[in-house]
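Lettering follows sequence order; numbering is per chain, from 1.
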Number of protein chains: 2
Amino acid sequence: MNTTDEIEISQSEWETMRVIWTLNGASSKQIIAILAEKLGWKASTTKTYLGRLVKKGALSTTKNGREYVYQPLIEEQVAMNNATSGLFDHLCQHKVGPTLTTLINNVELSQSDIEELINELNQKAKTAPEMVKCNCLPDGCDENCEMEEMK
Amino acid sequence: MNTTDEIEISQSEWETMRVIWTLNGASSKQIIAILAEKLGWKASTTKTYLGRLVKKGALSTTKNGREYVYQPLIEEQVAMNNATSGLFDHLCQHKVGPTLTTLINNVELSQSDIEELINELNQKAKTAPEMVKCNCLPDGCDENCEMEEMK
DNA sequence: TCCTTTCGTTTACAAATGTAATTTATACTT
DNA sequence: AAGTATAAATTACATTTGTAAACGAAAGGA
């Protein structure tokens, strides 16, 4: 089993990780200042999350003179992929398509992002089934889903 | 004005909602049986979630003779959209594209889902920027990313 | 009517989370 | 060296979540 996906990161911890990932490692002072400005967190609050993330193995910390520097131990893209997969595993497979459509409609994407996505989709189309069954019930819900099919 | 997005649904509660959504309303007996089979939950456990969901306003319950029937008070698609937005709001905007690519690679999509998505993407391409800035830091990270000085 | 089955409700309880003050160890200043 | 500023660690505490047993009310069978 991969150890990376074992690490659960809460919402607040995500916000903490984001600044460290973005700065590619940072001192507590920097992190505290940024989160105070961005989200209004008290220094103590940020320190708590920092401590928890170190304990969880998501961050490493090294003392550099008086400063403590935090480095990510997990990659942002990997963590993001785990988080999204984790969420989508709890959603009705049958409705993932429409959900993605809405999602894509709501996020910002660059030209190259879009190009990449379309590529991926064209690839996927080659072997995609005519229909995806929902997996909300133990046996599948073919009949039930069909009924809701008209929208 | 929409009350729907106020409701927070935990992972376990999601699993509970899924069966009710899929069955388009169900009796506690059914729900308990299904979740016992699918996830090995004890009857008490399912009852707890049912109770919490009713209190949260995600479900309504009506006594029908000896049976209690639970009906969803929020739409599955709406809830799914809220959940995904909620997650993506905590992710680096700059990396949303690659994350979506991986996600799409990992989920099952039907031919029509794919068609729909490609449509949406083509639409989006018309006004998409060349590049998406990350919003992990208060000011955006274009400059900050390289900024390791200052103390 | 009395008992037993069956629900929903109440209570339980540990772990995780959000949020932060207090304490302790330590490096810097005088 | 003593005092001060500072950073991490410890402690705090209410909520939420996962998981479930126990309790009380109601309905159906005897």
Which atom pairs, one a donor and one an acceptor, fall under 3.5 Å between side chains of residues 53-61 of chain A and the rest of the protein, sequence neighbours left out?
unit_1  : atom_1 : unit_2  : atom_2 : d
A:Lys56 : NZ     : A:Glu8  : O      : 2.7
A:Lys56 : NZ     : A:Glu13 : OE1    : 2.5
A:Lys56 : NZ     : A:Glu13 : OE2    : 3.1

TODO: Considering just the side-chain nitrogens and oxygens of B:Tyr70, establish if one lies under 4.0 Å of OP1 or OP2 belonging to C:dG8.
DONE: yes
Open item on the list: Side-chain N or O of A:Lys29 versus OP1/OP2 of D:dA7: is the shortest distance under 4.0 Å?
Closed with: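 Yes.
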Task: Residues forming a side-chain hydrogen bond (donor to acceptor under 3.5 Å, both in side chains) with B:Gln30, sequence neighbours excluded - done: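 So B:Gln30 forms no side-chain hydrogen bond (donor to acceptor under 3.5 Å, both in side chains) with any residue.
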Rounded to whole angstroms, how far apart are [atom1] on [X] and [atom2] on [N]?
{"X": "B:Leu59", "N": "C:dC7", "atom1": "CG", "atom2": "P", "value": "17 Å"}
{"X": "B:Gln30", "N": "C:dC7", "atom1": "CD", "atom2": "C1'", "value": "15 Å"}
{"X": "A:Leu50", "N": "D:dA8", "atom1": "CG", "atom2": "C1'", "value": "10 Å"}
{"X": "B:Ile31", "N": "C:dT6", "atom1": "CD1", "atom2": "C1'", "value": "15 Å"}
{"X": "A:Lys63", "N": "D:dA7", "atom1": "NZ", "atom2": "C1'", "value": "9 Å"}

Task: side chain to side chain donor-acceptor pair (under 3.5 Å): pairs with one or both residues in residues 97-110 of chain A, sequence neighbours excluded - done: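 Listed once each, the pairs are A:Thr99-B:Gln77, A:Ser110-A:Ser112, A:Ser110-A:Asp113.
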Open item on the list: Can you pull out every side chain to side chain donor-acceptor pair (under 3.5 Å) where at least one residue sits in residues 38-47 of chain A? Sequence neighbours excluded, please.
Closed with: A:Glu15-A:Lys38
Task: Sugar-phosphate, base or nothing in reach of B:Lys55, heavy atoms under 4.0 Å - done: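 If one applies the 4.0 Å heavy-atom cut-off, B:Lys55 turns out to touch nothing in the nucleic acid.
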Task: Main-chain N/O of B:Ala128 paired to A:Gln111 side chain as donor or acceptor, under 3.5 Å - done: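 Answer holds: yes.
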Open item on the list: Per the salt bridge (Lys or Arg N to Asp or Glu O under 4.0 Å) rule, what does the pair list look like for residues 117-129 of chain A, sequence neighbours excluded?
Closed with: none
TODO: Classify every nucleotide of nucleotides 17-22 of chain C by which part a protein heavy atom approaches to under 4.0 Å, writing B for the base, S for the sugar-phosphate alone and - for neither, in 5'-to-3' order.
DONE: SBBBB-
